[in-house]
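In what follows, chains carry the letters A, B, and so on, assigned in the order in which the sequence lines appear, proteins first and then strands, with residues in each chain numbered from 1.
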Amino acid sequence: MTELKRTKVVDVLKRSDYGSEVCVKGWVRTMRDSKNVAFIALNDGSVIHNVQIVVDPLTIGENILNRIHTGASLSVTGTLIESQGSGQSVELSAKEVIVLGEANPDFYPLQPKRHSLEFLREKGHLRMRTNLFGAIFRIRHAMAFAIHEFFNNKGFKYWHSPIITGSDAEGAGEMFQVTTLDLNNPPRTEDGEIDYSKDFFGKMTNMTVSGQLEGELAALALGEIYTFGPTFRAENSNTSRHLAEFWMIEPEMAFYDIHDNMDLAEEMLQYLVKYALDNCKDDLLFLEKRLLEEEKQKPQNERSPMPLIEKLEFVLNNKFERLTYTQAIEVLKDSKPAKNNKFEFPVEWGIDLQSEHERYLVEKHFKKPVILTDYPRDIKAFYMKQNDDGKTVRAMDVLFPGIGEIIGGSQREESYEKLKKRIDEMGIPEEEMWWFLDTRKFGTVPHSGYGLGFERMMLFVTGMGNIRDVIPFPRTPKNAEF
RNA sequence: UCCUCUUUAGCUCAGCUGGUUAGAGCACCUGACUGUUAAUCAGGGGGUCCUUGGUUCAAGUCCAAGAAGGGGAGCCA
């Protein structure tokens with residue numbers, strides 16, 4: 001018998017040439033059987049939907065059917081038929097079922113029922129076999145692809161900043177050290193300090209916390225670049241919005257001022273949302289339905305203001321609100337919670353905005369994404385362009401409902417003197433920054449850039465609540481399983 | 001790191017002011033059923049009540065410490 005080529009489930013479901021022979025392969029989601037007929041829901045990850053296999057126990061045989069449980073992998077050859085049931089239009093009438101791999105029901109942890117997200121996190125090696133995580137990771141792929149498509153369409157060059165850095169001046173948080181020294185017996189200098197000249201790179205090295213500084217070098221040569229790679233922060237952060245290893249998109253553009261920067265950020269975010277709506281509708285519908293069911297159990301005031309797809313369309317169809325930090329402080333001071341002393345942290349010019357302040361602006365006051373600019377100099381990074389007022393810098397943060405800061409960026413300081421002065425003021429060792437300063441010494445130009453947290457974008461698009469559920473294998477304090 | 005909540009069957013959870021043999025639904029096994037959609041119905045097996053220590057005649061239940069996990073905060077993307 002000549003072997004029939006496999007057809008993916010996503011393609012089988014589109015067909016209507018009833019009577020054709022078809023071969024599908026996949027994993028069993030559920031099996032229902034009765035005396036004369038059994039039904040197998042088979043999924044192969046190509047689409048959220050299953051194909052229904054109709055099995056006549058006399059044809060296939062009890063010894064095969066007894067080996068089929070949720071999670072088992074099958075190769076099924078059969079005839080494409082119009083479904084007599086109501087849940088689907090096509091199904092497969094099985095002629096041959098081969099059990100590729102059994103899944104012992106005494107040990108296979110996934111059941112055809114709802115599991116808690118916490119439980120599935122502990123089964124991180126299997127959770128992508130569920131409808132939910134299948135949908136999430138198909139969308140994750142689509143978002144990554146859309147990012148490359150967006151920037152490529154605009155002529156940006158995909159740039160690879162190094163993962164291992166010899167600089168600890170990136171200024172975005174605690175770093176993971178990279179070393180090949182024997183930790184039990186490290187070489188020491190005469191002073192008793194660890195002698196990093198004996199380390200692999202001849203100096204102390206760490207995992208990068210940002211590819212921005214090297215990205216700026218590239219922007220000042222190629223014009224417009226973006227990075228898209230993993231980033232590492234050794235912060236002891238235990239929240240639903242932080243990971244120790246996450247993916248970040250960092251565009252850097254020569255000749256862009258802060259307004260060009262904001263335009264690009266807004267256009268990119270809307271492009272990604274549109275891409276999801278255009279290409280991931282089935283998965284989004286599943287996520288929306290799941291979210292609605294989940295929220296039924298919550299009190300009214302904790303529920304989302306609109307269903308997932310409506311929320312995405314809203315962001316797509318409305319301009320982001322743009323205002324300065326100073327204006328935002330005015331709005332906050334005038335707000336009800338401020339007047340009733342409801343904010344835990346009082347509002348005054350100069351403070352770093354707290355979560356409660358950002359949430360008020362985005363979720364209560366403007367009710368849409370907000371871009372804040374021109375923050376006080378003292379609460380922002382050294383490389384941001386200083387305004388003429390001597391107090392503020394040309395920073396921009398994009399704030400999203402439910403997520404908070406999804407993008408942080410700025411116009412960069414292009415003046416050698418001003419940048420040098422700031423580096424000195426903040427006590428950053430100049431010998432580590434000479435190459436960065438050189439860009440301002442030789443052919444400097446106005447330029448801008450920002451960083452988008454990929455998983456935070458994923459949170460928004462999928463409507464998920466915990467960042468650990470939108471990355472395949474989350475790395476967080478005390479957790480590096482799988 | 002701080003605040004707060006949780007930890008009982010494979011999973012999701014109930015178990016009141018301490019009191020005999022620890023409960024349900026789902027899953028699993030057996031049987032019934034001509035087409036099911038997380039099928040249904042009947043029966044069955046299944047527990048170191050997170051760990052350690054304490055209070056008590058008696059602890060799943062009260063107290064203390066620890067561990068793991070959730071939610072919130074800080075840091076940020």
Problem set entry | Separation of the P atoms in G71(B) and G35(B), to the nearest angstrom | 43 Å
Exercise. Got a salt bridge between Lys342(A) and Glu356(A), using NZ or NE/NH1/NH2 to carboxylate O under 4.0 Å?
Worked result: no
Problem set entry | For U55(B), the Watson-Crick or wobble partner whose two distances fall under 3.5 Å | none
For this session: Provide, to the nearest angstrom, the distance between the CD atom belonging to Glu118(A) and the P atom belonging to C11(B).
Result: 13 Å
For this session: Could you tell me the separation between the CD1 atom of Ile467(A) and the P atom of G71(B), rounded to a whole number of Å?
Result: 12 Å
Exercise. What is the pairing partner of A24(B), taking Watson-Crick or G-U wobble pairs with both distances under 3.5 Å in any strand?
Worked result: U12(B)
Exercise. Are OP1 or OP2 of A77(B) and a side-chain N or O of Ser210(A) less than 4.0 angstrom apart?
Worked result: no
For this session: Provide the distance between the two C1' atoms, one in G19(B) and one in A27(B), to the nearest whole Å.
Result: 33 Å
Exercise. Taking the side chain of Gln354(A) as heavy atoms from C-beta outward, which of C75(B), U1(B), A38(B) is closest to it?
Worked result: C75(B)
For this session: State whether the distance check finds a donor on one side and an acceptor on the other, under 3.5 Å, for side chain His115(A) versus base C11(B).
Result: no
Exercise. Do Tyr158(A) and His148(A) have ring centres separated by under 6.0 Å?
Worked result: yes
For this session: Decide yes or no on ring pair (Phe, Tyr, Trp, His ring centres under 6.0 Å) for Phe366(A) and Phe320(A), but give the supporting numbers first.
Result: CA-CA 9 Å; Phe366(A) 292 112; Phe320(A) 297 1; over 10 Å; no
Problem set entry | Pairwise P distance, G53(B) and G10(B) [rounded to whole Å] | 24 Å
Exercise. Looking at A38(B), does its base get a donor-acceptor pair with the side chain of Arg114(A) below 3.5 Å?
Worked result: no
Exercise. Quick one: which of A73(B), G71(B), C75(B) gets closest to the side chain of Ser237(A)?
Worked result: C75(B)
For this session: Round to a whole Å and report the spacing from CD of Glu358(A) to C1' of C75(B).
Result: 12 Å
Problem set entry | C16(B) to U7(B) separation - P atoms, rounded to the nearest Å | 12 Å
Exercise. What is the distance, rounded to the nearest whole Å, between atom CD of Glu122(A) and atom C1' of G10(B)?
Worked result: 13 Å
For this session: State, without any angle test, whether Arg412(A) and Ser410(A) hold a side-chain donor-acceptor pair at a distance under 3.5 Å.
Result: yes
Exercise. Any ion pair linking Glu481(A) and Lys123(A) (charged N to carboxylate O, less than 4.0 Å)?
Worked result: no
Exercise. Among side-chain atoms of Arg32(A) and Thr30(A), is any donor-acceptor pair under 3.5 angstrom?
Worked result: yes
Problem set entry | U4(B) to U20(B) separation - P atoms, rounded to the nearest Å | 33 Å
Problem set entry | Rounded C1' spacing from U12(B) to U30(B) in Å | 25 Å
Exercise. Within this structure, what is the CD-to-P distance between Glu294(A) and G71(B), rounded to whole angstrom?
Worked result: 11 Å
Problem set entry | Atom C1', compared across G23(B) and G60(B): separation rounded to whole Å | 12 Å
Seminar exercise, completed: Checking N1-N3 plus N6-O4 or O6-N4 for Watson-Crick, or N1-O2 and O6-N3 for wobble, each under 3.5 Å, the partner of C41(B) is G31(B)
For this session: State whether the side chain of Thr7(A) and the backbone N or O of Val12(A) hold a donor-acceptor pair below 3.5 Å, judged by distance alone.
Result: no
For this session: Between U1(B), C75(B), A77(B), spot the one nearest the side chain of Met248(A), thanks.
Result: A77(B)
Exercise. Quick one: Arg121(A) CZ to G69(B) C1', roughly how many Å, whole number?
Worked result: 9 Å
Exercise. Would you call the rings of Phe156(A) and Tyr226(A) parallel, tilted or perpendicular if under 30° counts as parallel and over 60° as perpendicular?
Worked result: tilted
Exercise. For nucleotides 26-37 of chain B, read 5' to 3', which letter fits each nucleotide if B means a protein heavy atom sits under 4.0 Å from the base, S means only the sugar-phosphate is that close, and - means neither?
Worked result: BSSS---BSBBB
Problem set entry | 5′-ward residue of the pair Glu356(A)/Ile407(A) relative to RNA chain B | Glu356(A)
Exercise. OP1 or OP2 of C75(B) less than 4.0 angstrom from a side-chain nitrogen or oxygen of Arg241(A), does that happen here?
Worked result: no
Seminar exercise, completed: Whole-Å distance, Leu110(A) CG to A38(B) C1', equals 14 Å
Problem set entry | Complementary nucleotide for U36(B) - Watson-Crick or wobble, under 3.5 Å | none
Seminar exercise, completed: Under a 3.5 Å limit on both distances, the Watson-Crick or wobble mate of U6(B) is A68(B)
Exercise. What does A77(B) pair with, Watson-Crick or G-U, if both distances are under 3.5 Å?
Worked result: none
Exercise. When the distance from CG of Leu117(A) to P of C11(B) is rounded to whole Å, what number comes out?
Worked result: 16 Å
Exercise. For Asn466(A) and G71(B), is the shortest distance between a side-chain N/O and OP1 or OP2 below 4.0 Å?
Worked result: yes
Problem set entry | Parallel, tilted or perpendicular: rings of Phe232(A) and Phe176(A) (30°, 60°) | perpendicular
Problem set entry | Integer angstrom distance from the C1' of A73(B) to that of A24(B) | 38 Å
Problem set entry | Exercise: do Gln354(A) and Glu358(A) side chains pair donor with acceptor under 3.5 Å | no
For this session: For Asp397(A) and for Ser355(A), find the nucleotide of RNA chain B with the closest heavy atom, then tell me which residue's nucleotide is more 5'.
Result: Ser355(A)
